[in-house]
There are 2 protein chains.
Amino acid sequence: MLTNLFEHIRKFVPLSEEEEQILAQYIEIRDVKKKDHLLKAGQVCQGNYFIIKGCCRAYFDSERDGEQIYHFAIENWWITDYISLEAHTPSESNIQALENTTYAVLYRDVQDGLFAAVPQLERYFRIILQKALTAAQLRVKYIFTQTGEERYHHFAGSFPDFVQRVPLYMIASYLGFTPEFISKIRAKKKA
Amino acid sequence: MLTNLFEHIRKFVPLSEEEEQILAQYIEIRDVKKKDHLLKAGQVCQGNYFIIKGCCRAYFDSERDGEQIYHFAIENWWITDYISLEAHTPSESNIQALENTTYAVLYRDVQDGLFAAVPQLERYFRIILQKALTAAQLRVKYIFTQTGEERYHHFAGSFPDFVQRVPLYMIASYLGFTPEFISKIRAKKKA
DNA sequence: CTGATTTCTTGAACTAGTTCAAGATTTTGA
DNA sequence: TCAAAATCTTGAACTAGTTCAAGAAATCAG
């Protein structure tokens with residue numbers, strides 16, 4: 001069940017079979033159905049979620065324009081609300097399954113114990129976080145230097161899987177514009 | 001000279017005096033004058049910069065709208081181009097001093113050696129990166145849920161130091177709009 | 001298989017923020 | 001101390017993307 005996670009970790013740091021065993025004791029595996037929530041606004045986020053099978057989105061409800069999606073995750077991606085996780089404050093965002101999903105949870109309150117037992121996991125997360133930060137900076141770059149149309153084509157080119165699996169109006173939300181606008185872009189392309 | 005850095009590290013992990021000595025051997029201290037570059041587009045970014053005294057910006061040249069600033073740093077902030085640093089590819093961005101600046105460099109190629117010598121620094125960077133990622137997610141949130149006007153007031157409220165130290169047109173760039181627009185916002189407030 | 005729900009499309013009126021251009025003010029370096 | 005450079009302001013014309021409204025198409029649960 002945790003094979004995905006073990007392999008993902010091995011891309012960055014060594015991990016023996018004994019260490020796999022230890023890790024497994026610190027991790028909880030869960031299932032959610034499509035549309036169920038891994039985290040709801042108001043709850044304090046308790047951990048980091050690794051998607052084993054399925055697809056999720058993280059979003060907040062903004063009074064102005066309904067839901068604003070800020071992150072997607074599919075197989076082998078981590079997803080969480082760092083704001084809530086770090087500050088121990090109630091989350092302002094929701095994490096929801098877009099398909100029936102199996103995921104692993106690493107709870108915040110056991111994380112340091114795990115790092116003490118398997119020190120190179122501290123390194124693994126350092127590397128993962130650095131990659132996530134790189135991606136976040138790149139995202140800001142694209143938001144500011146590309147038009148909506150360019151951003152849509154760029155995203156569709158970079159993540160064709162998402163365009164398949166996720167409704168277009170959610171991609172519109174993630175990219176920061178309206179579903180109507182995405183429709184108009186596509187209409188243009190056919191012509 | 002490295003007192004700032006040592007204290008910053010101690011906010012997150014313990015650090016003995018012997019470890020300070022070791023760390024100091026891995027770090028290089030540099031000075032740049034206002035307007036000089038810590039990193040220029042085209043160079044491969046070689047390390048992570050910690051601002052001891054001064055103020056810098058990171059930006060790329062976009063053909064569409066001139067310079068796009070994606071990060072500022074003042075005393076006790078780290079700044080680098082993770083995209084270039086991580087992929088070992090020529091940077092598309094520039095890091096420039098906005099004041100005469102003293103900074104510490106941790107070079108990529110000695111970083112692992114340092115972590116081996118002082119393991120809790122791996123943890124320090126994990127924590128720092130998590131905070132940076134949180135900030136980056138928050139930034140995307142604000143970009144998408146607030147109007148330009150709200151974003152300006154929010155930024156000015158959260159980072160009054162920057163509004164003092166950095167020209168307004170650079171803040172406009174960082175927030176993703178034009179200097180003219182920021183002028184109009186301020187004109188409105190006075191009225 | 002079928003009605004209900006979810007997702008996608010289209011068009012017309014609209015607005016937040018841009019662009020261009022020019023002048024005013026502030027800061028800087030020699 | 002003063003000219004040059006950098007920064008900030010203002011107004012008028014403009015545009016990328018929104019909003020609203022309504023219908024069409026696709027998907028889903030029972």
Side-chain angles (χ1 to χ4, degrees), chain A residues 33-36 54-55 57 59 62-69 72 96-101 142-156 162-191, chain B residues 32-37 54-57 59 62-69 72 96-101 140 142-156 162-191:
Chain A
K33 293 218 163 151
K34 182 170 177 173
K35 290 191 193 172
D36 278 355
C55 180
R57 63 168 179 154
Y59 65 97
S62 111
E63 62 265 29
R64 207 190 314 277
D65 357 70
E67 297 173 345
Q68 175 59 52
I69 297 176
F72 287 116
Q96 184 193 37
L98 301 177
E99 305 171 358
N100 294 340
T101 294
Y142 292 137
I143 290 170
F144 285 146
T145 60
Q146 301 186 325
T147 63
E149 185 163 355
E150 288 168 333
R151 242 180 302 144
Y152 170 70
H153 291 313
H154 185 267
F155 180 88
F162 281 101
V163 183
Q164 293 306 314
R165 287 170 82 167
V166 172
L168 274 185
Y169 73 89
M170 291 193 185
I171 290 173
S173 169
Y174 178 79
L175 293 174
F177 42 70
T178 58
E180 290 91 339
F181 183 60
I182 230 174
S183 259
K184 281 159 196 175
I185 292 171
R186 301 170 97 213
K188 217 187 271 183
K189 216 178 185 181
K190 276 181 214 142
Chain B
V32 274
K33 293 220 163 151
K34 182 169 178 171
K35 289 189 193 174
D36 277 356
H37 283 82
C55 179
C56 297
R57 64 168 178 155
Y59 66 96
S62 111
E63 63 266 27
R64 206 189 314 275
D65 355 71
E67 298 173 346
Q68 175 58 52
I69 296 176
F72 287 116
Q96 184 192 37
L98 301 177
E99 306 170 356
N100 295 339
T101 294
V140 172
Y142 292 137
I143 290 170
F144 284 146
T145 60
Q146 301 186 326
T147 63
E149 185 165 354
E150 288 168 331
R151 242 180 302 143
Y152 170 70
H153 290 313
H154 185 268
F155 180 89
F162 280 101
V163 182
Q164 293 307 314
R165 288 172 82 167
V166 172
L168 273 185
Y169 74 89
M170 291 193 186
I171 290 173
S173 169
Y174 178 79
L175 293 174
F177 43 69
T178 58
E180 290 92 339
F181 184 60
I182 229 174
S183 260
K184 281 160 197 175
I185 292 171
R186 301 171 98 213
K188 217 188 273 182
K189 217 177 182 182
K190 278 182 216 145

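In what follows, every heavy atom counts, from backbone to side chain, and hydrogens, waters and symmetry copies are set aside. Since the model is a prediction, treat every value here as computed from it, not as a measurement. Here is how names work: the chains are called A, B, and so on, in the same order as the sequence lines, proteins then strands, and each is numbered from 1.
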Next item on the list: For A:Met170 and A:Leu98, run side-chain contact (heavy atoms from CB on, under 4.5 Å): C-alpha distance rounded to whole Å, both residues' side-chain angles, the deciding distance at 0.1 Å, then the answer.
Entry: CA-CA 10 Å; A:Met170 291 193 185; A:Leu98 301 177; 3.7 Å; yes

Item checked: Nearest non-hydrogen partners of A:Val163 and A:Ile171, listed with the distance -> CA-CD1, 3.7 Å

Taking side chain to side chain contact (heavy atoms under 4.5 Å, CB included) as the definition, give me every residue that meets it alongside [X], ordered by chain and number, with sequence neighbours left out.
X        : answer
B:Phe177 : B:Arg151, B:Tyr152, B:Ala172, B:Leu175, B:Phe181, B:Ile182
A:Ser173 : A:Gln68, A:Ile69
B:Tyr169 : B:Pro167, B:Pro179
B:Lys33  : B:Asp36, B:Asn100

Note to self: Going by salt bridge (Lys or Arg N to Asp or Glu O under 4.0 Å), name the pairs with one or both residues in residues 167-179 of chain A, residues two or more places apart or in two chains.
What the structure shows: none

Check: Looking at residues 165-172 of chain A, who's got a heavy atom less than 4.0 Å off DNA chain C?
Finding: A:Pro167, A:Leu168, A:Tyr169

Nearest-angstrom distance from the residue atom [atom1] of [X] to [atom2] of [N]:
X        : N      : atom1 : atom2 : answer
A:Ile182 : D:dT18 : CD1   : P     : 10 Å
A:Arg186 : C:dT7  : CZ    : P     : 14 Å
A:Lys188 : C:dC8  : NZ    : P     : 19 Å
B:Lys33  : C:dT28 : NZ    : C1'   : 14 Å

Margin query: If you apply the rule ring pair (Phe, Tyr, Trp, His ring centres under 6.0 Å), what do you find for B:Tyr174 with B:Phe155, and how did you get there?
Written below: CA-CA 10 Å; B:Tyr174 178 79; B:Phe155 180 89; 5.6 Å; yes

Next item on the list: Could you tell me whether a side-chain N or O of A:Glu150 sits under 3.5 Å from a main-chain N or O of A:Thr147, the two making a donor and an acceptor?
Entry: yes

Next item on the list: Using side-chain hydrogen bond (donor to acceptor under 3.5 Å, both in side chains) as the criterion, list what pairs up with A:Gln96, not counting sequence neighbours.
Entry: A:Arg57

Between the protein and nucleotides 15-17 of chain C, list the N/O to N/O atom pairs that are separated by less than 3.5 angstrom.
| residue | atom | partner | partner atom | Å |
| --- | --- | --- | --- | --- |
| C:dG17 | OP1 | B:Gly148 | N | 2.8 |

Note to self: Just verifying a value: how many Å separate A:His153 NE2 and A:Gln146 CD, rounded to the nearest 0.5 Å?
What the structure shows: 10.5 Å

Checklist line | Pairwise distance SG(A:Cys55) to CD(A:Glu99) - rounded to 0.5 angstrom | finding: 5.0 Å

Check: Among all residues two or more places apart in sequence or in another chain, which pass the ring-ring contact (aromatic ring centres under 6.0 Å, His included) test with A:Tyr142?
Finding: A:His154

Item checked: Per-nucleotide protein contact string for nucleotides 20-30 of chain D, where B marks a base within reach and S marks sugar-phosphate only (heavy atoms under 4.0 Å, - for neither) -> BB------S--

Check: Quantified as the angle between the terminal helix axes (five pairs each), what is the overall bend of the helix from C:dC1-D:dG30 to C:dA30-D:dT1 to 10 degrees?
Finding: 70°

